Engineer: 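Sharing a structure below in structure tokens format, with a few things to ask.
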Amino acid sequence: MADSGVTSVADWISSIFTAGAVGVSLWTTWLTSRQRRQDMENAARQRADEEKSRRQGIVHQLSFKLATLASECLNTHRDLNPHQKSPEDLAKETDPFEVVGTFSPNVGYDDTMVRGLATDEENLLMLLKQDDYLMDFSECLARHESIRRGLLEYKSRRDVVLTLMPPPQMVNGQIVSFFPTQQQMLELAPHIIPLGTMVVSSRQLSSVNVEMLTRLCKEFKPMMTKHFPGLNIHSISMEPTT
């Protein structure tokens with residue numbers, strides 16, 4: 001009986017220690033699992049924050065490039081219409097001598113702040129399924145570059161034509177310019193007509209660019225806010241112009 005009692009107590013104590021060990025093991029496992037979940041959640045939050053910061057940077061770059069392109073296109077559009085004529089009056093200006101005579105391009109077209117879209121910027125727009133927006137943006141970039149290079153060529157060729165014009169004369173001590181004679185105009189026509197065509201074509205391309213960029217600027221913030229409500233999105237606007 002005594003041995004049986006001792007055995008029972010030993011078994012009871014052993015059971016207690018076994019249960020305690022199991023409890024400690026379970027507690028340790030729960031703590032480890034909890035810590036792992038917390039680490040995973042923290043890592044997920046860190047990745048989310050990093051992705052948000054990365055996208056914020058891409059969106060800022062996109063807005064900067066769009067604003068820069070819009071600004072340069074607007075300035076070029078104004079340069080192409082130095083007397084700020086209405087579209088109707090500008091359309092009536094078809095005489096190449098008049099067109100070339102009234103349009104002397106400003107300096108600075110050999111330098112531009114406009115930059116093309118980077119791969120991550122294109123990828124972001126495609127990820128958002130804004131393929132049309134990407135295509136229109138890229139089209140405006142290409143058209144602006146075409147206009148800019150065209151104006152550089154126009155300026156160079158116009159400078160050459162000016163050397164063919166009759167020189168100014170002195171009248172009563174003052175320099176007076178004279179209109180070319182009919183014969184001189186005939187001789188200048190092969191040079192002037194292509195230049196006039198270049199200006200008219202550039203004006204038409206510029207009008208298309210301004211119209212398209214006005215829409216792209218208007219759509220930018222609502223589009224990005226829809227996809228990224230937590231980001232700081234800047235508004236971009238283009239002033240209406242003739």
Side-chain angles (χ1 to χ4, degrees), residues 44-81 84-88 90-91 105-106 108-154 197-242:
R45 280 194 295 269
Q46 182 177 355
R47 287 195 299 271
D49 290 342
E50 290 173 352
E51 178 62 14
K52 179 180 178 180
S53 178
R54 186 182 73 85
R55 288 183 172 177
Q56 179 77 78
I58 296 174
V59 171
H60 278 168
Q61 282 298 313
L62 271 171
S63 65
F64 174 76
K65 289 183 177 180
L66 178 59
T68 302
L69 175 61
S71 176
E72 280 199 19
C73 285
L74 190 58
N75 289 335
T76 300
H77 193 65
R78 287 171 173 161
D79 289 345
L80 284 163
N81 184 11
Q84 296 300 298
K85 295 182 179 180
S86 67
E88 294 77 17
L90 208 59
N106 296 327
Y109 288 110
D110 54 342
D111 190 24
T112 176
M113 291 292 292
V114 172
R115 296 292 181 268
L117 297 179
T119 301
D120 55 354
E121 294 158 359
E122 293 179 345
N123 290 342
L124 179 63
L125 289 173
M126 289 190 287
L127 178 66
L128 302 180
K129 301 186 184 302
Q130 297 294 337
D131 301 61
D132 290 343
Y133 195 95
L134 172 59
M135 291 178 62
D136 288 347
F137 199 148
S138 300
E139 182 180 334
C140 287
L141 281 166
R143 189 181 293 113
H144 174 66
E145 180 62 16
S146 177
I147 295 170
R148 191 178 69 85
R149 291 187 178 277
L151 290 175
L152 284 172
E153 181 182 354
Y154 172 85
T197 301
M198 291 176 68
V199 175
V200 172
S201 175
S202 294
R203 285 171 175 169
Q204 292 171 347
L205 292 175
S206 181
S207 294
V208 174
N209 240 19
V210 168
E211 181 179 355
M212 186 175 289
L213 280 168
T214 299
R215 174 174 57 79
L216 292 180
C217 289
K218 183 178 180 181
E219 293 174 355
F220 184 79
K221 183 174 182 178
M223 175 182 68
M224 289 301 175
T225 301
K226 174 184 175 182
H227 292 290
F228 306 119
L231 296 188
N232 179 28
I233 312 295
H234 298 291
S235 296
I236 308 171
S237 63
M238 265 186 102
E239 303 172 26
T241 184
T242 55

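Predicted model, so just to flag it, every value in this text is computed and none were measured. Sequential numbering from 1 along the given sequence is applied to the chain's residues.
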Engineer: Any heavy-atom pair between the side chains of Ile233 and Met223 that's under 4.5 Å?
Structural biologist: no
Engineer: State whether Glu211 and Arg215 are salt-bridged, where the test is any N-O pair (Lys NZ or Arg NE/NH1/NH2 against Asp/Glu carboxylate O) under 4.0 Å.
Structural biologist: no
Engineer: For Ala142, is there any backbone N or O sitting under 3.5 Å from a side-chain donor or acceptor partner on Ser146?
Structural biologist: no
Engineer: Do Leu213 and Leu66 come within less than 4.5 Å of each other through their side chains, counting heavy atoms only?
Structural biologist: yes
Engineer: Would you check if Glu72 and Thr112 make a side-chain contact, meaning some heavy-atom pair closer than 4.5 Å?
Structural biologist: yes
Engineer: Of the non-hydrogen atoms in Ser138 and Leu117, which two are nearest, and what is the gap between them?
Structural biologist: OG-CD1, 4.4 Å
Engineer: How long is the straight-line distance from CG of Asp136 back to CD of Glu219, given to the nearest 0.5 Å?
Structural biologist: 8.0 Å
Engineer: Return the CD1 to CG distance between Ile147 and Leu152, rounded to the nearest 0.5 Å.
Structural biologist: 12.5 Å
Engineer: Give me each pair satisfying ring-ring contact (aromatic ring centres under 6.0 Å, His included) with a member in residues 110-154, each pair once, sequence neighbours excluded.
Structural biologist: Phe103-Tyr154
Engineer: Would Val59 and Phe220 count as a side-chain contact (heavy atoms from CB on, under 4.5 Å) here? Give the steps.
Structural biologist: CA-CA 10 Å; Val59 171; Phe220 184 79; 4.1 Å; yes
Engineer: Can you name the nearest heavy-atom pair linking Thr68 to Val114, along with the distance?
Structural biologist: CG2-N, 4.0 Å
Engineer: With a 4.5 Å heavy-atom cut-off, do Lys221 and Ile236 have their side chains touching?
Structural biologist: no
Engineer: Check whether any side-chain heavy atom of Phe64 sits under 4.5 Å from a side-chain heavy atom of Leu69, and report yes or no.
Structural biologist: no
Engineer: For the pair Ser63 (side chain) and His60 (backbone), establish whether a donor and an acceptor sit closer than 3.5 Å, ignoring hydrogens and angles.
Structural biologist: yes
Engineer: Taking all atoms of both residues into account, what is the closest heavy-atom pair of Cys140 and Leu216, and its distance?
Structural biologist: SG-CD1, 4.2 Å
Engineer: For residues 198-206, please give each side-chain donor-acceptor pair under 3.5 Å, one per line with the distance, not counting sequence neighbours.
Structural biologist:
from, atom 1, to, atom 2, distance (Å)
Ser202, OG, Met198, O, 2.9
Arg203, NE, Leu80, O, 2.7
Arg203, NH1, Glu93, OE2, 3.0
Arg203, NH2, Leu80, O, 3.0
Arg203, NH2, Glu93, OE2, 3.4
Ser206, OG, His77, ND1, 2.6

Engineer: Table please: side-chain donor-acceptor pairs of residues 120-132 below 3.5 Å, with sequence neighbours left out.
Structural biologist:
from, atom 1, to, atom 2, distance (Å)
Glu121, OE1, Lys65, NZ, 3.0
Glu121, OE1, Ala118, N, 2.8
Glu121, OE2, Lys65, NZ, 3.4
Asn123, ND2, Thr119, O, 3.3

Engineer: Would Arg143 and Val208 count as a side-chain contact (heavy atoms from CB on, under 4.5 Å) if you check the C-alpha gap in whole Å, the side-chain angles of each, and the deciding distance to 0.1 Å?
Structural biologist: CA-CA 9 Å; Arg143 189 181 293 113; Val208 174; 3.7 Å; yes
Engineer: Which distance, rounded to the nearest 0.5 Å, do you find between the CE of Met113 and the CZ of Arg115?
Structural biologist: 6.5 Å
Engineer: Please determine whether side-chain contact (heavy atoms from CB on, under 4.5 Å) holds for the pair Glu145 and Leu141, giving the CA-CA distance in whole Å, both sets of side-chain angles, and the decisive distance to 0.1 Å.
Structural biologist: CA-CA 6 Å; Glu145 180 62 16; Leu141 281 166; over 6 Å; no
